[in-house]
Protein chains: 2
Amino acid sequence: MTNINDIAKIAGVSVSTVSRVLNNYKYVSEEKRNAVQKVINDLNYTPNKNAIDLIRGETNIIGVILPYNNNQAFDQMLQGILHRSVKMDFSVIVLPTKYDKKKELEYLAMLKNKLLDSIIITSKANAWDEILPFTTYGSIISCEYTDFKKIGCSYIDRYASYIDAFQTLKELGHSSVAFTTARGEESLSTQQTCQAYKEVFGELRPGTYISQCYCLEDGFQAAKRFFALNNKPSAIYANGDEVAGGIYQYAQSSGLKVPEDLAIIGQENQPVGVALGLATVDHHLMHVGEQAFELAIRKSRDKIKIPYNIIRRSSI
Amino acid sequence: MTNINDIAKIAGVSVSTVSRVLNNYKYVSEEKRNAVQKVINDLNYTPNKNAIDLIRGETNIIGVILPYNNNQAFDQMLQGILHRSVKMDFSVIVLPTKYDKKKELEYLAMLKNKLLDSIIITSKANAWDEILPFTTYGSIISCEYTDFKKIGCSYIDRYASYIDAFQTLKELGHSSVAFTTARGEESLSTQQTCQAYKEVFGELRPGTYISQCYCLEDGFQAAKRFFALNNKPSAIYANGDEVAGGIYQYAQSSGLKVPEDLAIIGQENQPVGVALGLATVDHHLMHVGEQAFELAIRKSRDKIKIPYNIIRRSSI
DNA sequence: ATGAAAGCGCTAACAA
DNA sequence: TTGTTAGCGCTTTCAT
C-alpha cells in the first residue's frame with residue numbers, strides 16, 4: 001500500500017502539501033501541485049478513506065436496518081433508498097436484523113462508532129427507548145410513524161389505508177371479508193389491520209385472518225383454509241399482490257369466479273397483480289424509501305406522510 | 001465520544017489492558033478485567049470500528065457492484081448475497097454503477113482503501129484489464145464467467161441455457177421465434193442470446209428481437225411490435241417473467257391463444273410467471289449470489305457453475 | 001506557500 | 001500479568 005508519506009517523499013514535498021493537493025486547497029504553488037499530482041498518477045495512488053473518515057468523523061455511508069431481505073415491502077423501500085443514494089454519491093449498507101434486538105443494537109452502535117452517518121429503520125425490533133439514545137451520534141430515520149421528536153419519519157398512514165380498503169369492500173356489498181397478514185400479532189401492521197377490520201365490520205371473529213403469508217403459495221394455502229370454513233369469505237384483503245395472486249390461483253382452481261364469487265384486493269401494486277388484474281392498495285413504498293433517504297442526509301427530523309391510493313381492477 | 005483512553009484512565013489501567021479486555025485476551029487478572037468491564041458498561045462505551053479496521057486492514061464488509069437497483073436479475077443475486085451475509089455476520093454495501101466506468105473504478109478503489117474486504121461484481125462496465133489490478137488489494141468475485149485466474153466466479157452457463165431454450169421451442173415445432181432482451185448489443189447476455197439463436201435457427205433476421213425490455217408494459221409493447229410485423233412469431237422467449245407476463249397480456253388482449261397461437265417462455269421463475277402459468281428458464285440467480293458470497297469471504301478464486309433448469313408450464 | 005508535528009482511536013510489539 | 005510506545009494513513013493547527 002503506497003501512502004501519503006510515499007507520495008510526499010517521492011514528490012519531494014511534505015505530507016501536508018500532498019494532503020492539500022488531495023483536498024484541493026489553495027496556497028499550493030502550481031509547480032508543487034503538478035509534481036505531486038504526477039506522482040499520484042504514476043503510482044496510481046488513492047487515499048485511504050478509512051483514515052480520512054477516522055479523522056473527519058463522517059463517512060457518506062448510510063445504513064438501512066431491515067428485518068428480512070426477502071420481503072417485498074422492505075425491498076421496495078430499499079430500492080427507493082438506493083435510487084436516491086446513487087444520485088447523491090452515498091453508499092448504502094444493508095443491515096438485516098431478523099428482528100434480533102441485539103443485532104439491531106449492534107447496528108445502531110455503528111452510528112456511535114462513526115462508521116455510518118445515519119441510519120434508516122424500515123422496521124425495528126427494539127422499543128424506541130432503546131433506540132433514542134443513539135440519536136446523539138447521528139440521525140435516525142424511521143419508515144414507521146413515531147411521535148418522538150428526535151426521529152425523522154417517512155411513513156404511510158397504514159391504519160387509514162386499511163380502513164379505506166375494508167370500507168371499499170364493504171361498500172361493494174361484502175359483509176364476509178377475510179384478510180391475510182405477514183407476521184402475527186407481534187407486528188404493528190397486523191395489529192392495525194385487525195383494528196381497522198373491527199372499526200369497519202364491528203367485530204373480528206376467529207378465523208378471519210391468516211398470518212405468515214409471504215408468497216404465492218402461502219396465498220393459495222390461505223385461501224384454501226378460508227374456504228374450508230363454515231363462514232366462507234366473499235372477499236379477501238391480501239397483505240401483498242403475490243399473496244393475492246395465490247388466492248386468485250386458488251379461486252381459479254376451484255372454479256370460483258373473481259370477483260363474483262370472491263373479490264380480491266392486494267397491496268403494493270406488484271407485477272403479478274397487474275398481470276392478473278388484481279385490485280391493490282399502492283402504498284408507494286419506493287417513495288417512502290426515497291424520502292427517508294432525503295431526511296437522512298439532511299439530518300432532518302421532519303415527519304413526511306406519503307399518500308397511498310387504491311387501484312381498482314377487475315378483481316373487485 | 002468516550003474512547004479507550006478515557007476507559008483506561010477511569011479504570012486506573014493502561015489502554016492495552018482495556019484493549020485486552022475488549023478483545024478477550026488472556027493474561028488479564030480477573031479484578032482488572034472486571035474493573036475495566038464495569039467502566040465500559042457504566043459509560044456505555046463501544047470501540048470505534050473505524051480505528052480498528054484502519055489497523056487491522058480488514059472490515060468484514062463486502063461490496064456488491066451492480067449496474068441498477070431495479071433489475072430483477074441483479075436483485076435476485078443481491079438477495080442471495082444478503083442471505084448468506086446475515087449468517088456470517090458480514091455487512092453488505094450496495095454499489096450501483098449504472099454502468100458508469102469511472103464510478104465502478106471508484107468502488108474498486110474502496111478495496112484498495114481498505115474499506116472493503118472483497119467485492120462481488122454482478123455486472124461490470126470496465127474491461128477486465130482495468131479491474132484486474134485491484135485484485136492485489138482484496139478478492140474480486142464475478143457473477144459472470146471469466147478465464148482470468150485472479151477472479152473467482154459464481155456463474156451460470158447462459159449460452160447453454162439460451163441454446164436449450166431455443167432448442168426446446170424448436171422441438172415443439174416453432175420455426176418463427178422472436179425474443180426480447182434487456183440492454184442492447186452492448187450487453188454480453190444479449191450477444192449470447194443472438195449467438196444462440198443463430199446456432200439453433202440458422203440466421204437472425206432483423207426484427208427478430210427487441211431490446212430495452214424490463215417490465216410488464218415493455219413486454220406488452222414488444223409483443224405488439226412483433227405482431228405488427230409480416231413475419232409474426234409463433235413463440236417468444238422473453239428475458240424475464242415480467243416481460244413474459246406483458247407478452248401474455250398482449251396475447252389475451254388480442255385474442256391469441258397461448259400456447260396454440262403464441263408460445264411464451266420467460267426467465268427466472270418469478271411470481272408473475274407462476275401465477276400466469278408461464279414456462280420459464282430458472283437460472284437460480286439467488287444461488288449464484290449465495291455462492292459468490294462464499295467465494296468472497298474465503299477469498300477463493302474457484303469457478304463455480306450454477307446449473308439452470310427449464311420449468312415447463314402451460315404456456316409452451 | 002510550505003513543513004513539522006500533534007493527534008484521530010485503536011492494536012501490537014516490546015519491556016518490565 | 002501489566003504498561004509503554006510506536007505506529008495505521010490521514011488532517012490540521014502552528015510556525016516559518
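These numbers come from the heavy atoms of this one structure, side chains and all, not from hydrogens, waters or symmetry mates. Within every chain, numbering begins at 1; the chains are lettered A, B, ... in the order of the sequence lines, protein sequences first and strands thereafter.
- When distances are taken from the side chain of A:Leu54 to each of C:dT2, C:dC8, D:dT11, the shortest belongs to C:dC8.
- With rounding to whole Å, B:Ile52 atom CD1 is found 17 Å from C:dC8 atom P.
- Between B:Ser19 and the phosphate of C:dA12, there is no side-chain N or O to OP1/OP2 separation shorter than 4.0 Å.
- Distance CG (B:Asp6) to C1' (C:dG9): 10 Å, rounded to an integer number of Å.
- Among the atoms of the strands shown, only primed sugar atoms or phosphate atoms (P, OP1, OP2) are found under 4.0 Å from some heavy atom of B:Val13.
- Proximity of B:Asn48 to the phosphate of C:dG9: no side-chain N or O atom is located under 4.0 Å from OP1 or OP2.
- The side chain of B:Asn3 sits closest to C:dG9 out of C:dG9, C:dT2, D:dT11.
- Proximity of A:Tyr25 to the phosphate of D:dT13: no side-chain N or O atom is located under 4.0 Å from OP1 or OP2.
- For B:Lys299 against B:Asp117, the heavy-atom pair with the smallest separation is NZ-O, 3.4 Å.
- At distances below 3.5 Å, not a single donor-acceptor pair connects side-chain atoms of B:Asn23 with backbone N or O atoms of B:Tyr25.
- Within the nucleic acid shown, B:Asn23 comes within 4.0 Å of sugar-phosphate atoms alone, with no base atom in reach, counting heavy atoms only.
- Here the side chain of B:Thr122 pairs a donor or acceptor atom with the backbone of B:Ile65 at under 3.5 angstrom.
- Ion pairing between a basic and an acidic side chain is recognised when a charged N comes within 4.0 Å of a carboxylate O; B:Glu294 and B:Arg298 show such pairing.
- Counting to the nearest Å, the C1' atom of C:dT2 and the CD1 atom of A:Ile4 are 14 Å from each other.
- Nucleotide D:dT1 holds its P atom 10 Å from the CD atom of B:Glu30, rounded to whole Å.
- Dashed line: the shortest gap from a side-chain N or O of B:Lys32 to OP1 or OP2 of D:dG3 is under 4.0 Å.
- Dashed line: the shortest gap from a side-chain N or O of B:Ser14 to OP1 or OP2 of D:dT4 is not under 4.0 Å.
- A donor-acceptor contact under 3.5 Å is formed by the side chain of B:Ser16 with the base of D:dT4.
- Between the C1' atom of D:dG9 and the CD1 atom of A:Ile7 lies a distance of 12 Å, rounded to the nearest Å.
- Judged by the 6.0 Å distance and 45° axis criteria, B:Arg183 is positioned over the aromatic ring of B:Tyr99.
- The side chain of A:Arg20 lies closest to D:dC14, out of D:dC14, C:dT11, C:dA12.
- Mapping B:Ile55 and B:Thr17 onto DNA chain D by nearest heavy atom places B:Thr17 closer to the 5' end of the strand.
- Rounded to whole Å, the distance from NZ on A:Lys9 to C1' on C:dA4 is 15 Å.
- A residue-by-residue look at A:Gly12 and B:Val15 shows that A:Gly12 has its nearest nucleotide of DNA chain C further toward the 5' end.
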